[in-house]
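Structure, as structure tokens:
All values derive from a computational prediction rather than experimental measurement.
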Amino acid sequence: MNKNYLTFTYAISGISIIVGLLMILNSGSRGQSVAAAELTRQFNSMDTAQYNMIYEAGINQFLVLGGILLGIGLLMICLLSFVLLLRSKPEAEDELHV
């Protein structure tokens, strides 16, 4: 494998992990921002239950998206490490092709 390709893949997976973690950790404030924007859009008139529903939906959106990004980043690192491990041992390739 090309060294630039490995560096690029590790960088993309690292960025994906960091962005995913940040989205998960900041999901509460992001959910509050979504609910506040919806409240402003409705001219500061909204039922409390509706506000809470929008607030929780905003939190859940960022939790799911952050979890997906975190999972993709971790999966990329695991797969890349596994491929590098197989490439470093030539006898392991012979055992797999049997």
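In this structure, Val19 is not a member of the same hydrophobic cluster as Ile59, with clusters built from ILVMFWY side-chain heavy atoms closer than 4.5 Å. Residues Leu21 and Tyr10 share a hydrophobic cluster, clusters being chains of Ile/Leu/Val/Met/Phe/Trp/Tyr side chains in contact below 4.5 Å. If you chain together hydrophobic residues whose side chains sit under 4.5 Å apart, Met76 and Leu6 never meet in one group. Hydrophobic clustering (side-chain heavy atoms under 4.5 Å, transitive across Ile, Leu, Val, Met, Phe, Trp, Tyr) groups Val34 together with Tyr51. The cluster map of Ile, Leu, Val, Met, Phe, Trp and Tyr, joined by side-chain heavy atoms under 4.5 Å apart, puts Leu65 and Leu70 in different clusters.
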> Going through the distances and angles, do Gln42 and Gln50 end up as a side chain to side chain contact (heavy atoms under 4.5 Å, CB included)?
Replying inline: CA-CA 12 Å; Gln42 292 188 5; Gln50 185 180 5; 3.8 Å; yes

>> Checking Leu69 against Met23 for the side chain to side chain contact (heavy atoms under 4.5 Å, CB included) test, could you report, in this order, the C-alpha distance in whole Å, the side-chain angles of both residues, the deciding distance, and whether it holds?
In response: CA-CA 9 Å; Leu69 287 173; Met23 289 184 80; 3.8 Å; yes

> Do Phe8 and Asn4 pass the side chain to side chain contact (heavy atoms under 4.5 Å, CB included) test, and can you show the C-alpha distance, the side-chain angles, and the key distance before you say yes or no?
Replying inline: CA-CA 6 Å; Phe8 178 73; Asn4 291 334; over 6 Å; no

> Given the rule in the side chain to side chain contact (heavy atoms under 4.5 Å, CB included) test, do Ser81 and Leu84 qualify, once you have shown the distances and angles that lead to the verdict?
Replying inline: CA-CA 5 Å; Ser81 299; Leu84 288 175; 5.7 Å; no

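Taken from CD1 in Ile24 to CZ in Arg30, the straight-line distance is 13.0 Å, to the nearest 0.5 Å. Annotation: the span from Asp47 atom CG to Met53 atom CE amounts to 9.0 Å, rounded to 0.5 Å. Here the CD1-CG distance, from Ile17 to Leu75, works out to 10.0 Å after rounding to the nearest 0.5 Å.
Tested against Ser13, the residues Leu80, Leu79, Ile77 include a single side chain to side chain contact (heavy atoms under 4.5 Å, CB included) partner, Ile77.
Scanning all heavy atoms of the two residues, the minimum distance from Ile54 to Ala35 falls at CG2-CA, 3.8 Å. Of all heavy-atom pairs between Ser27 and Phe62, the closest is CB-CB, 3.8 Å.
Side chain of Ser16 to main chain of Ile12: no donor-acceptor pair is present (N/O by atom type, distance under 3.5 Å, no hydrogens or angles).
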